[in-house]
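The next block holds one structure in the form of structure tokens; read it before the comments.
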Amino acid sequence: MKKNFKFLLWLTLATLSQFSMAQKFPDLAKTPPMGWNSWNKFGCNIDEKLVRETADAMVKSGMRDAGYRYVNLDDCWHGERDAAGFIQADAKRFPSGIKALADYIHLKGLKMGIYSDAGKQTCGKRPGSQGFEAQDAKQYARWGIDYLKYDWCNTGEGAAQRNPREAYTTMRDALYAAGRPIVLSICEWGESKPWEWAGEIGHLWRTSGDIANCWECEVGHGSWSSLGVMNTLDKQAGLRKFSHPEKWNDPDMMQVGNLPTLGENRAHFGLWAMLSAPLFVGTDLREMSEEIRTVVTNREVIAVDQDELGIQGFPALKSKNIEFWVKPLAGGEWAVAILNRSDIPQTFQHNWKNHHLEDDLNGRAADFSKAVFTIKDLWAGASAGTTGDVLKVTVPARDLLMYRLKPEK
Ligand code: GAL
């Protein structure tokens, strides 16, 4: 009897541990992932030549050395499934196959990402993973994939819609069972508040719909709209408490390099850094201007995004045209960004001593009447005085000034 009990206990524990084994891969996203994604610039117009040349450009531009890792294919790389149900790449656009592409990317010291969908079809009407999760995960692992963006199109309507938590858990477990560490990027556009349930499932989750290539706009696509950079920024309000190392809010891949002015591109990049957002550049890296290259490889701004605390920044002061953003950094330092949303330059004065920085959520504060901080201008890479003086600046139209504050010794 005693023996039987022991055996039963062992069996129960062994079964339980089997179940609890399934998890998301740990230690893949201590800081927000960085890379390139094909969608914003190329949509379905992708092929292996573009991907190889993009990997080359990522190295040549200095992006790899600045921290970018992932070369990510978005929708439309797919062909059909083979007789055993394993997905194949579109043979016309990817004649060498995905494995060869991943090998090429890995040889450059980079990682490769791919895209699928929790429904029967992707948004671009390619085969989705529903019902094929295990096979797809195995195939990605065999190919040497490092990152999966998993979309939400064609998952059913109304009561018949798939449960997002179930769908994303199923893919998480399939990836885990396939054995290759793969970042899982949840892309259900924030519809079921993934920040509330996805922390144990994915490494990042989209908080909002698709970003459009404009400063402030809403672009209709029939049943849904994509949103400009400012509109997308506003959608992030109230979500900062959910973003942490290994589980990030994702306000979407960037349009940096696609926007018309240097100021807009720079503001977009700096704001995503203030949000601790994943930094996916969505432009043509092969034709990137020197101006844009300088923005996306700005190590000081990248360091704000990649700060080890992983605390998402927030607007501490807001007026009609100006927003004053702050983000606590490791070592008692702070990032500060001053955004001009308007179409004309704005002058701005700020007496630091009258405005303590406070992040109640994380118990961090800086009192400038008690301590002086040095200020570094992150775009200019130069000193901009100290918090002992009143800051008097002009913020150009649709632009962002960005600073790092360090306690003076
Ligand atoms: C959307 C997704 C985009 C892109 C697109 C591809 O659902 O939000 O980022 O992946 O599908 O069809």
Side-chain angles (χ1 to χ4, degrees), residues 31-37 40-41 54 57-71 109-110 211 215 229 233 248 251-313 323-331 333-340 373-385 391 393-406:
T31 59
M34 296 169 61
W36 172 85
N37 176 293
N40 285 349
K41 183 74 185 180
T54 298
M58 211 182 245
V59 176
K60 198 163 162 240
S61 61
M63 286 177 70
R64 180 191 63 187
D65 293 344
Y68 294 87
R69 282 292 168 277
Y70 296 99
V71 178
L110 297 166
I211 193 165
W215 182 250
V229 177
L233 180 70
W248 304 102
D252 206 358
M253 305 157 316
M254 296 181 290
Q255 294 285 4
V256 173
N258 303 334
L259 293 161
T261 67
L262 173 62
E264 289 183 30
N265 285 300
R266 175 163 62 191
H268 181 5
F269 191 68
L271 285 163
W272 261 229
M274 293 300 283
L275 289 170
S276 306
L279 296 181
F280 282 91
V281 180
T283 196
D284 188 343
L285 302 189
R286 304 165 306 174
E287 292 181 356
M288 190 166 46
S289 68
E290 182 54 23
E291 250 180 6
I292 297 300
R293 195 194 71 77
T294 308
V295 169
V296 301
T297 56
N298 184 314
R299 287 177 188 237
E300 301 263 19
V301 176
I302 291 173
V304 169
D305 180 77
Q306 298 285 305
D307 185 78
E308 67 189 62
L309 296 182
I311 297 179
Q312 184 171 325
E323 290 180 14
F324 184 90
W325 282 68
V326 302
K327 179 186 201 287
L329 304 174
E333 301 186 18
W334 290 75
V336 167
I338 306 170
L339 169 66
N340 176 4
F373 284 59
T374 58
I375 306 175
K376 185 163 188 191
D377 177 333
L378 301 190
W379 298 128
S383 161
L391 183 75
V393 289
T394 301
V395 195
R398 297 187 174 188
D399 207 337
L400 180 86
L401 304 181
M402 214 164 154
Y403 303 104
R404 188 177 183 111
L405 274 51
K406 224 183 202 171

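All values below were derived from every heavy atom in this structure, side-chain atoms included, with hydrogens, water molecules and symmetry-related copies excluded. None of the values given here were measured: they were computed from a predicted structure.
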Where [X] and [Y] come nearest, the two heavy atoms and their spacing:
X    : Y    : answer
T297 : S61  : CG2-O, 3.9 Å
D307 : R404 : OD1-NH2, 4.4 Å
V281 : W36  : O-CD1, 3.2 Å
N265 : T261 : ND2-O, 2.9 Å
P396 : L401 : CD-CD2, 4.3 Å
Y68  : G35  : CD2-N, 3.5 Å

State whether the side chain of [X] and the backbone N or O of [Y] hold a donor-acceptor pair below 3.5 Å, judged by distance alone.
X    : Y    : result
N40  : M253 : yes
D377 : A382 : no
D399 : N340 : no
Q255 : V229 : no
R69  : R64  : yes

For the pair M34 and I302, evaluate side chain to side chain contact (heavy atoms under 4.5 Å, CB included) and give the outcome as yes or no after the intermediate values.
CA-CA 10 Å; M34 296 169 61; I302 291 173; 3.7 Å; yes

Trace of the side chain to side chain contact (heavy atoms under 4.5 Å, CB included) decision for L279 with F269:
CA-CA 8 Å; L279 296 181; F269 191 68; 4.2 Å; yes

For side chain to side chain contact (heavy atoms under 4.5 Å, CB included), just list the numbers for I338 and Y403, CA-CA rounded to whole Å, side-chain angles, deciding distance to a tenth of an Å, and then say yes or no.
CA-CA 9 Å; I338 306 170; Y403 303 104; 3.9 Å; yes

Does some side-chain heavy atom of [Y] sit less than 4.5 Å from a side-chain heavy atom of [X]?
X    : Y    : value
W272 : D305 : no
M402 : N298 : no
P33  : F280 : yes
L233 : L275 : yes
I211 : H268 : yes
M254 : V296 : no
L400 : R266 : no

So, using side chain to side chain donor-acceptor pair (under 3.5 Å) as the criterion, who are the partners of K41 when residues are at least two apart?
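Side chain to side chain donor-acceptor pair (under 3.5 Å) check on K41 returns nothing, list empty.
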
Nearest 0.5 angstrom please: L285 CG to M288 CE, how far?
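Going from the CG atom of L285 to the CE atom of M288 covers 5.0 Å.
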
Between CG of D252 and CG of N37, what distance do you get to the nearest 0.5 Å?
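Output value for this atom pair is 8.5 Å.
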
So that I can tick it off, tell me whether E300 and K376 are bridged by a salt bridge, with the cut-off set at under 4.0 angstrom between side-chain N and carboxylate O.
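Looking at E300 together with K376, the answer is yes, because their closest N to O distance falls below 4.0 Å.
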
Starting from the C-alpha separation in whole Å, work towards a yes-or-no answer on side chain to side chain contact (heavy atoms under 4.5 Å, CB included) for D65 and R299.
CA-CA 10 Å; D65 293 344; R299 287 177 188 237; 3.7 Å; yes

So, applying side chain to side chain contact (heavy atoms under 4.5 Å, CB included) with K406, which one of L329, I375, T374 is it?
T374

Of F373, F324, W325, which meets side chain to side chain contact (heavy atoms under 4.5 Å, CB included) against V336?
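Only match with V336 under side chain to side chain contact (heavy atoms under 4.5 Å, CB included): F324.
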
Those residues at least two apart in sequence (or on a different chain) that pass side-chain contact (heavy atoms from CB on, under 4.5 Å) with E291 are L262, S289

Does Y70 have any ring-ring contact (aromatic ring centres under 6.0 Å, His included) partners at least two apart in sequence or in another chain, and if so, which?
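Per chain and number, Y70 pairs via ring-ring contact (aromatic ring centres under 6.0 Å, His included) with Y147.
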
Among Q312, K327, Q306, which residue satisfies the side chain to side chain donor-acceptor pair (under 3.5 Å) criterion with S276?
K327

